[in-house]
Amino acid sequence: MTQAATPLGRFWVEFRDNRVAVVALVVVVAIVVLAVGAPWIAPQNPYDLGGLSLLDARRPPGHTGTGGYVHLLGTDAQGRDLLSAILYGLQISVQIGFMAGCVALAVGASLGVVAAYAGGLVETLIMRIVDLQLSFPAILLALVLVALLGQGKAQLVTALVAAQYAYFARTAYGAATSERRKDYIEAATATPLSRARVIFRHLLPNCMPPLIVVATVQIANSISLEATLSFLGLGLPVTEPSLGMLISNGFVYMMSGRYWISVYPGIALIVLIVAINLVGDQIRDQLNPRLRR
């Protein structure tokens, strides 16, 4: 069996026809590799406060610091090597974005298909809560939850999941409502299978294509929300500088000509979010026949 004969092979053959999407996928993979390998690639550990020197603070790109190595992208106000800080910041963004996206997918998809399958009071209760949450901006909910839960990775992921699971629930509900009327679900219901088995073994897998599309968008949104919260000082602690915090720290120095402290982390954040969205757009076009070019 050739690669193109399999569903995944056919998907990849069509995907690689879009050069922009392929380049975006390569960028995403490269950023993930750099983020995972940050402890071995970065010339400095920006979390080690004892290894920082204020003599190196706010130095321009190309400056040779007291540590003996060249700061290719300059340093920030705390003397951190900006390249190292960006690599570690990308690690945080990728980690939190994927964790929040996957957990929100699991929670939201489960609630959506359960509501569509159960119907009645269960459907009404779940979907009214989802509709109520969708009426509020995600950033507003995330701000309130982070302010209540406090700082930390676990608290931040919890806030992002609570702010975003409703998008998955609404998508899963729409797909499951359509699938619920099909013959294979009626046949599975007629057999002595438990409701949980029918929902999670038969109904949910057939609702995954639209959920995968939403997941790519929401991962990018999670990264953007985390950066926004960190920029506002409500994200991670100052000892774990994320991209949003680096942009915030350098914002006050923009007018003095020290642009690199904010600009370079901002470029890294924009490239990551745009690349994920471009990959998501191509996946959406391929999984939705109505959007095929």
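- Considering CG of Leu87 and CD1 of Ile31, their distance stands at 10.5 Å, rounded to 0.5 Å.
- One N or O on the side chain of Arg59 and one on the backbone of Leu55 form a donor-acceptor pair closer than 3.5 Å.
- When side chains are defined from C-beta on, Thr177 counts as touching Tyr173, because their heavy atoms get closer than 4.5 Å.
- Residues Val217 and Met99 are members of separate hydrophobic clusters, defined by side-chain heavy-atom contacts under 4.5 angstrom among Ile, Leu, Val, Met, Phe, Trp and Tyr.
- Ile86 approaches Ala268 most closely through the heavy-atom pair CG2-CB, 3.8 Å.
- Between the CD1 atom of Ile267 and the CG atom of Leu272 there is a distance of 13.5 Å, given to the nearest 0.5 Å.
- The two residues Leu246 and Ser262 have their closest heavy-atom pair at O-OG, 4.3 Å.
- Thr171 places no side-chain N or O within 3.5 Å of a backbone atom of Phe168 that could act as its donor or acceptor partner.
- Taken together through direct or relayed side-chain contacts under 4.5 Å among Ile, Leu, Val, Met, Phe, Trp and Tyr, Val20 and Leu25 form parts of separate hydrophobic clusters.
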Fill in: Pair Val279-Ile283, side chain to side chain contact (heavy atoms under 4.5 Å, CB included): steps then yes or no
CA-CA 6 Å; Val279 173; Ile283 294 175; 3.9 Å; yes
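- Closest of all the heavy-atom pairs between Leu83 and Leu72 is CD2-CD1, 4.2 Å.
- Side-chain contact check for Glu226 and Ser222: no donor-acceptor pair (N or O, by modelled atom type) lies under 3.5 Å.
- At least one side-chain heavy atom of Arg170 sits less than 4.5 Å from a side-chain heavy atom of Met127.
- Ring geometry for His63 versus His71: interplanar angle under 30°, hence parallel rather than tilted (30 to 60°).
- Atom CZ of Arg201 has 12 or fewer neighbouring heavy atoms from other residues, nucleotides or ligands inside a 6.0 Å radius.
- Under the 4.5 Å side-chain criterion, counting only non-hydrogen atoms from C-beta, Val130 is not in contact with Leu111.
- A donor and an acceptor atom, one from each side chain of Asp56 and Thr66, are located under 3.5 Å apart.
- In this structure the side chain of Ile223 never reaches within 4.5 angstrom of the side chain of Ile96, judged on heavy atoms.
- Under the 4.5 Å side-chain heavy-atom criterion for ILVMFWY residues, a single connected hydrophobic cluster contains both Ile247 and Val252.
- Between the Gln151 side chain and the Gly233 main chain, a donor and an acceptor come within less than 3.5 Å of each other.
- For the atom pair Ser93 OG and Ile273 CD1, the distance stands at 8.0 Å (nearest 0.5 Å).
- A side-chain donor-acceptor contact under 3.5 Å links Ser256 to the backbone of Tyr253.
- At least one donor-acceptor pair under 3.5 Å links the side chain of Ser248 to the backbone N or O of Phe231.
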Worksheet entry | Intermediate values then yes/no, side chain to side chain contact (heavy atoms under 4.5 Å, CB included), Val32 and Leu90 | CA-CA 8 Å; Val32 171; Leu90 286 171; over 6 Å; no
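- Cluster annotation: Val161 is not connected to Val144 through the hydrophobic network of ILVMFWY side chains, with a link wherever side-chain heavy atoms come within less than 4.5 Å.
- Note that CG of Leu82 is 6.5 Å distant from CG of Asp76, once rounded to the nearest 0.5 Å.
- Heavy-atom minimum distance, Val146 versus Ala159: CG2-CB, 3.6 Å.
- Of all heavy-atom pairs between Ala142 and Leu229, the closest is CB-CD1, 4.1 Å.
- Trp260 places no side-chain N or O within donor-acceptor distance of the main-chain N or O of Pro60, the cut-off being under 3.5 Å.
- Leu105 has its side chain out of reach of Tyr165: every pair of non-hydrogen atoms, C-beta onward, lies at least 4.5 Å apart.
- Hydrophobic clustering (ILVMFWY, side-chain heavy atoms < 4.5 Å, transitive): Leu160 and Phe98 are in one cluster.
- Rounded to the nearest 0.5 Å, atoms CD1 (Ile212) and CD (Gln286) are 11.5 Å apart.
- A donor-acceptor distance shorter than 3.5 angstrom exists from the side chain of Ser84 to the backbone of Gln44, with no hydrogens or angles considered.
- If you take CD1 on Ile276 and OG1 on Thr216, they are separated by 9.0 Å, rounding to the nearest 0.5 Å.
- Between the side chains of Glu123 and Tyr117, no donor-acceptor pair of N or O atoms lies under 3.5 Å.
- Between the side chain of Ser135 and the main chain of Leu132, a donor-acceptor pair closer than 3.5 Å is present.
- No side-chain heavy atom of Tyr88 sits under 4.5 Å from any side-chain heavy atom of Ser242.
- Between Asn221 and Gln164 the shortest side-chain heavy-atom distance falls below 4.5 Å.
- Of all non-hydrogen atoms in Pro61 and Tyr264, the two that sit nearest each other are CG-CE1, 4.0 Å.
- Within the 3.5 Å criterion, the main-chain N or O of Gly37 finds no donor-acceptor partner in the side chain of Gln91.
- Met254 is listed as a side-chain neighbour of Val263, based on a closest heavy-atom distance under 4.5 Å.
- Between the side chains of Gln282 and Asn18, at least one donor-acceptor pair of N or O atoms lies under 3.5 Å.
- Checked by atom type and distance alone, the side chain of Thr124 pairs as donor or acceptor with a backbone atom of Gly120 at under 3.5 Å.
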